[in-house]
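Working notes for the structure below.
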Number of protein chains: 2
Amino acid sequence: MSLDATLQDARERVLQTAGPIFAEKGFRDTTVREICDRAQVNLASVNYYFRDKEGLYLEVVRRAHQGLLKQVPTPLWAPETPAEHKLTDFIRALLTRMLGDAGAPWQHSLMLRELLYPTHACRALVEDYIRPQFEVLQAILSELLPESTATAVRQQIVFSIVGQCLYYRVAPHVVRMLVGDADLANHFGVEPLVHHISQFTLAALGASGQGLPAGVPISAPKSRTRRHSSPN
Amino acid sequence: MSLDATLQDARERVLQTAGPIFAEKGFRDTTVREICDRAQVNLASVNYYFRDKEGLYLEVVRRAHQGLLKQVPTPLWAPETPAEHKLTDFIRALLTRMLGDAGAPWQHSLMLRELLYPTHACRALVEDYIRPQFEVLQAILSELLPESTATAVRQQIVFSIVGQCLYYRVAPHVVRMLVGDADLANHFGVEPLVHHISQFTLAALGASGQGLPAGVPISAPKSRTRRHSSPN
DNA sequence: CATGGTATCAAACAAGCGTTTGAATGGCCA
DNA sequence: TGGCCATTCAAACGCTTGTTTGATACCATG
């Protein structure tokens, strides 16, 4: 009930401290002692505020998941926006979040852990966060594909796009070891990858669907509406 | 005694038991007690044969890695084989190993863990197992692309192909939750995915992927026996 | 038989973990 | 002021973990 209550409450300090640690080390390798040390609260605080370690973890995941939703709202395009443009925007948003120069790197690490080795928090994550984006992308593809295209084929294409982007999140070490340093800097940053994956995907769609213009403008209209609501 | 000679040694039983457990639970969540219970050896065996738990883990990773190399040798095609054909074969091999109806599911789980959260065993894995395949795929692409194509672009395409396949290994839960059960069975098995990813990729490359004969079996692995060095 | 090295075993050890406890603290209202 | 409540704290508890120990069985060799 005071002004911001973020750095005041011990509860809040624990939550904010625990997030990055859980993301980096996973649930099991994270100790409540480390959390409490770094948050400068007493060892018993986790059990006092969150009942037990798992209670804290679930709350952290819930927060991270809310934070992602707030930070990356469903993008809105003007109705006359060409679908190729929307696709490129979508891919840019995806890659930006994955390689995260933005303010949310650890939330995605946590999410990736949940997807690979799901806990109780996984289902809500998929339904609330992943499925909406899955359907946005499907809608974009509907504009680029013949009407007759089967749903399953559209979904295969969605996974092909997401898979291309996710790879750089899953296996950054591999990329770093396989390509030279110079190429890494010049051709594997966010924008070069946006260019490649967009071109690659549009070319694939153009050949399988009806003939589409190959050239796609790679303009960068960052239409980020970043709302800031109360942390509740 | 003559059949395998593997079920005799306690050391061997520990190794074979530990593999799947490490793959499923990770290093930290696996207890030596569970391993020894399931292997029906004494609790002290891990320390007796492998010095400590990490010693056992490294040996397990080394074995898994060797097993993968043996099981999936570099495929050899007849020189006149069209590159599109090779690409489809390569993708089929990749997906088969990923979704593994074959005999090696847990080795890949272990590998995936290493890639995401690397330990000391990661570098060797990349150099010995991943890089060779990376270069095979690059060679195939060289046949499909103009001579003038930059190396970095070829590598981006390699990652686009691998990313598409890897997705079904990384996020099988997500796929299962997002698509209907009927579609899952009909369109997301190995062979439908081979078809989709091949077509998608070839279309992107500008080649006509249509009319390729499907159903080419993966070449049988060459049997190569290798005795491992004495425990020291 | 005696011997020495190898393998197996039950038992215990030491450390780290999550969690609990009970007292101390400090603000708020009657 | 005195009592109530939420919060903080140091300390300890109980359990699981990886690891070590010392005794015991096995077995080929002199």
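We use all heavy atoms of the structure for the numbers below, so side chains are in, but hydrogens, waters and symmetry mates are not.
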Query - Side chain of Ala10(B) (C-beta onward), nearest among dT8(C), dG18(C), dT19(D) - result: dT8(C)
Requested in this report: From the options dT19(D), dT8(D), dG18(C), select the nucleotide whose nearest atom is closest to the side chain of Arg33(A).
Outcome: dG18(C)
Report task. Using atom types as modelled and distance alone, determine if a side-chain donor or acceptor of Lys86(B) lies under 3.5 Å from a backbone N or O of Ala139(B). Result -> no
Query raised in the report: Do Arg131(A) side-chain atoms and Met177(B) backbone N/O form a donor-acceptor pair below 3.5 Å?
Result: yes
Without decimals, in angstroms, what is the distance between [X] [atom1] and [N] [atom2]?
| X | N | atom1 | atom2 | answer |
| --- | --- | --- | --- | --- |
| Asp9(B) | dA7(C) | CG | C1' | 10 Å |
| Tyr49(B) | dT6(C) | OH | C1' | 8 Å |
| Ile35(A) | dT19(C) | CD1 | C1' | 14 Å |
| Leu43(B) | dT19(D) | CG | C1' | 8 Å |
| Asp52(A) | dC15(D) | CG | P | 17 Å |
| Asn47(B) | dA14(C) | CG | P | 16 Å |
| Asn42(A) | dA12(D) | CG | P | 14 Å |
| Gln40(B) | dA10(C) | CD | P | 13 Å |

Report task. Tell me yes or no: between the side chains of Ser45(A) and Arg11(A), is some donor less than 3.5 Å from an acceptor? Result -> no
Query raised in the report: Does the pair Arg92(B) and Asp89(B) meet the rule for a salt bridge (Lys or Arg N to Asp or Glu O under 4.0 Å), with working shown?
Result: CA-CA 5 Å; Arg92(B) 178 176 293 108; Asp89(B) 276 357; 3.4 Å; yes
Query raised in the report: Between Tyr48(A) and dT8(D), is there a side-chain N or O to OP1/OP2 distance below 4.0 Å?
Result: no
Requested in this report: Could you pick out which residue, Arg28(A) or Ala44(A), lies toward the 5' side of DNA chain D when each is mapped onto its nearest nucleotide?
Outcome: Ala44(A)
